[in-house]
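Letters A, B, ... are given to chains in the order of the sequence lines, protein chains preceding strands, and every chain is numbered from 1. The analysis underlying the following values was restricted to heavy atoms, covering all of them including side chains, and did not include hydrogens, waters or symmetry mates.
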Protein chains: 2
Amino acid sequence: MQVLNPDFQEAMRSNFLFMDINKEDFATILQGTSVCELRAGEILFSQKQPATDFFLLVEGKIKISLLSFEGTQKVVDIINPGNTFAEVIILNGMEGYPVNAKALSNATVLRINAQKYIQVLSNSSEACLKVISRLSARLHWLMNEMERLSLHNASYRLISYLLEDIHHESVEETKVMLGAPKRIIASRISVTPETFSRTLKNLTKDDLIEVFDEHILVKNPSKLREMLFI
Amino acid sequence: MQVLNPDFQEAMRSNFLFMDINKEDFATILQGTSVCELRAGEILFSQKQPATDFFLLVEGKIKISLLSFEGTQKVVDIINPGNTFAEVIILNGMEGYPVNAKALSNATVLRINAQKYIQVLSNSSEACLKVISRLSARLHWLMNEMERLSLHNASYRLISYLLEDIHHESVEETKVMLGAPKRIIASRISVTPETFSRTLKNLTKDDLIEVFDEHILVKNPSKLREMLFI
DNA sequence: GTAATGACTTGATCAACATCAAGGTCATCC
DNA sequence: GGATGACCTTGATGTTGATCAAGTCATTAC
């Protein structure tokens, strides 16, 4: 039996659907897993074809599309590396793929046998619960992130970032360590380094924070909190 | 045995964790479910308290926070109506809550007995798989939505919206019905009606689309697609 | 008929940010 | 010691899109 490249195993392990599967069970799943190298434009599966596998994209881009009457093709999803696709179809026990999957670029995908995976989950409610837990946690995180990014302006997003990292109930001064170059944090909250710098300066001018090399001193947490009307 | 108000049952059913549970199983879960009315500021549970239930917020806002050494309180999450919380703790089988939950406003929450819920899932791998499937689908959707909203400017978001709704592979003209007032669609893609109107006009000027009352005629799908570098 | 309403458009103005360009500081390397 | 390169800051300028205000239709109300 051929063994899956450790890098690929790693890739699977870092996906929520496989993260918490125990060793033996994971080995079982690996038995049903193989690597597909796709050329740009190549079709991975198409509508109505029996749904026997789902997939984890390692590299490249995959387009999921739907063919309606008269050949109209609607793009349902574009898959990026690290994500699984068609797992929803599998988990719902559908007979055939209701969509088409086509490589938009050269791509590497792992083809995971549905039956093996389902077998593992079916036999281990523990694994199931863990997976549900992971997905649920990820959902919470994503919704938070979305909320933050939808905060209208740069100051708000910065403040929200600072408060997330400290958030006393108290009114005391607090250090926020920024364990990463400022430009990284800037991109995390979706502003340019320049704007980030200027925003920090503004908050400093208003005597709300003080900026150091390795950390930011939040001088007035409660006032900042007010600015977010939380 | 007291029966849970149908409205509340409805609320549960529209959450992914309960959506696909069959009738009997759902009844079992309901046996372990009760309503809590919280006053603003009231504490629902606190750190280290045994974790016997998780919750679905029906109305109000709940703050989830973490108490570290020396009384520093860090806000981990703000829960909004429709969402569950503490389910991750439960599903991971943790003994006690690692966080505090406090009502930020008057709030209505459903308290769901962990043991009952887990029992149901444990006995039905089918239900488990359905739940995983739902969560997974929701994740895909959210990630898509995030991507769209992170598209830098209004034209991009509008184009992305249009393409999502048609997306021929072909180059032919296509109608996109907009089954909702324009201002609704505008808010969907996070622009004001004014900007929406102007953006449509621009695309019309470039001969890419044509605007009608009930639909938009996309005259050059492939050119639009290029503009998104997909 | 006239008035009132609601959805959309259009124009003018303004604030927020990105971008471009030019320094400044600091650590590392030769 | 001087050169190099990362990272950050600062200033000038341009674009984008929100906001305010006014105007167009079409529909419904009186």
Under 4.0 Å protein heavy-atom contacts per nucleotide of nucleotides 6-17 of chain C, with B for base, S for backbone only and - for none: -SSSBBB----S
Row check, B:F26 ring normal vs B:R13 NZ/CZ: under 6.0 Å, within 45°: yes
Between C1' of D:dG17 and CG of B:N202, the distance in whole Å: 12 Å
Separation between CG of B:L149 and CG of B:L151, rounded to the nearest 0.5 Å: 8.5 Å
A:H215 (side chain) donor-acceptor with A:G179 (main chain) under 3.5 angstrom: no
Gap between atoms CD1 and C1', on A:I185 and D:dC7 respectively (whole Å): 13 Å
Salt bridge (charged side-chain N to carboxylate O under 4.0 Å, His left out) contacts in which one or both residues fall within residues 134-153 of chain A, not counting sequence neighbours: A:D20-A:R134, A:E145-A:R148, A:E145-A:R188, A:R148-A:E164
Parallel, tilted or perpendicular: rings of A:F55 and A:Y97 (30°, 60°): tilted
Gap between atoms CG and P, on B:L151 and D:dT16 respectively (whole Å): 16 Å
From CD1 (A:I78) to CZ (A:F85), nearest 0.5 Å: 11.5 Å
Atom-to-atom span, CG of A:D213 to P of D:dA6 - whole angstrom: 19 Å
